[in-house]
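Down below is the structure, laid out as structure tokens.
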Amino acid sequence: MDIFERLVFQHRSIQALLDEIREIPAHHQRRAELFARFVTQWGEHDRFEMNTLYRAVRPDSILGLSVLTLEAQHERISSLLAEIEATPKDSLKWDAAFAVLRNTMVEHISTEEAIYGDAEKFLGRAAAAAMVRRQPGDDRSDRC
């Protein structure tokens, strides 16, 4: 598995969670549990792509501009998460903020996956595969 396959897998997992949360009634405890799982998964995903893919492709002039857009989307998502977490889960405001979050995530995933072909050309296949095993600050090479 290379970095792009891993990120696509994470994206699909995040999208599935968002879709499941959207279908659960506001008063149901499962909604809060799934949202907490989403926040955890997003945090792990955010750190992984910021510390691997974004850092690696930033030196390329065109990909670097894309990274700026993607980082701005990350900031927007973080802002929305803070807003949602401060809002009662059974309110219409929560539902509205969640809908914006979900749409922002879908846009982010689409924007990010659109650069994968160029990013793979820039990095090379071997480097893309190695990025999954070896993350910055990690001296182990068996990590997946």
Side-chain angles (χ1 to χ4, degrees), residues 1-26 28-89 93-144:
M1 175 181 286
D2 68 18
I3 189 167
F4 306 109
E5 292 165 331
R6 179 172 177 174
L7 291 172
V8 167
F9 176 81
Q10 289 176 351
H11 289 162
R12 298 308 169 264
S13 177
I14 286 168
Q15 277 185 299
L17 263 177
L18 291 172
D19 290 344
E20 190 173 353
I21 292 166
R22 181 180 58 179
E23 299 301 320
I24 295 175
H28 202 286
Q29 178 61 29
R30 179 107 173 104
R31 180 160 125 167
E33 293 165 2
L34 288 175
F35 187 75
R37 187 180 337 154
F38 163 75
V39 170
T40 299
Q41 281 189 10
W42 168 252
E44 292 168 358
H45 174 76
D46 177 54
R47 284 185 299 279
F48 178 72
E49 71 186 3
M50 288 284 206
N51 291 326
T52 55
L53 180 64
Y54 294 1
R55 180 180 291 171
V57 301
R58 181 174 277 116
D60 180 83
S61 60
I62 293 175
L63 290 170
L65 291 174
S66 295
V67 166
L68 291 174
T69 299
L70 294 166
E71 288 173 336
Q73 290 173 342
H74 277 251
E75 289 176 19
R76 175 73 174 133
I77 290 165
S78 293
S79 164
L80 287 167
L81 284 174
E83 178 185 337
I84 290 169
E85 288 178 321
T87 304
K89 302 247 183 303
K93 184 177 178 186
W94 194 97
D95 290 337
F98 180 79
V100 172
L101 171 69
R102 187 180 173 286
N103 291 340
T104 302
M105 287 296 305
V106 167
E107 178 185 344
H108 170 72
I109 289 168
S110 175
T111 302
E112 183 177 298
E113 290 181 3
I115 71 162
Y116 287 176
D118 290 336
E120 184 176 35
K121 288 176 191 168
F122 177 74
L123 296 170
R125 279 193 178 272
M131 292 172 82
V132 174
R133 292 189 302 274
R134 196 173 310 111
Q135 297 179 37
D138 186 1
D139 59 349
R140 298 176 343 176
S141 62
D142 61 340
R143 190 170 178 161
C144 250

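Source: prediction; values computed, not measured.
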Cut-off 3.5 Å, no hydrogens considered: what does the side-chain donor-acceptor table look like for residues 77-87, sequence neighbours left out?
{"unit_1": "S78", "atom_1": "OG", "unit_2": "H74", "atom_2": "O", "d": "3.2"}
{"unit_1": "T87", "atom_1": "OG1", "unit_2": "E83", "atom_2": "O", "d": "2.7"}

Between E5 and Y116, a side-chain donor and acceptor under 3.5 Å: no

Atom pair OH (Y54) and CG (L68), whose distance is rounded to the nearest 0.5 Å: 11.0 Å

Distance-only side-chain donor-acceptor flag, H108 / E112, under 3.5 Å: yes

Geometric class of the F35/F38 ring pair [parallel <30°, tilted 30-60°, perpendicular >60°]: tilted

Rounded distance (nearest 0.5 Å) linking atom CD of Q73 with atom CZ of R76: 11.0 Å

Side-chain touch I62/D118, heavy atoms, less than 4.5 angstrom: no

Main-chain N/O of R47 paired to N51 side chain as donor or acceptor, under 3.5 Å: yes

For the student: nearest non-hydrogen atoms of D60 and L63, plus distance: OD2-N, 2.8 Å

V67 and R55, any side-chain heavy atoms less than 4.5 Å apart: no

For A56 against M131, the heavy-atom pair lying closest together: CB-CE, 3.5 Å

Got a list of side-chain donor-acceptor pairs under 3.5 Å for residues 14-23, not counting sequence neighbours?
{"unit_1": "D19", "atom_1": "OD1", "unit_2": "R102", "atom_2": "NE", "d": "2.9"}
{"unit_1": "D19", "atom_1": "OD1", "unit_2": "R102", "atom_2": "NH2", "d": "2.7"}
{"unit_1": "E20", "atom_1": "OE2", "unit_2": "R30", "atom_2": "NH2", "d": "3.3"}

Parallel, tilted or perpendicular: ring planes of W94 versus F98, cut at 30 and 60 degrees: parallel

Distance (rounded to the nearest 0.5 Å) between F48 CZ and R6 CZ: 4.0 Å

Inter-residue atom distance I115.CD1 - F122.CZ, 0.5 Å rounding: 11.0 Å

Euclidean distance, M105 CE relative to H11 NE2, rounded to 0.5 Å: 7.0 Å

Closest approach of A119 to V57 (non-hydrogen atoms, all atoms of both residues): CB-CG1, 3.9 Å

Point-to-point distance, once rounded to the nearest 0.5 Å, from CG of L53 to CG of L7: 6.0 Å

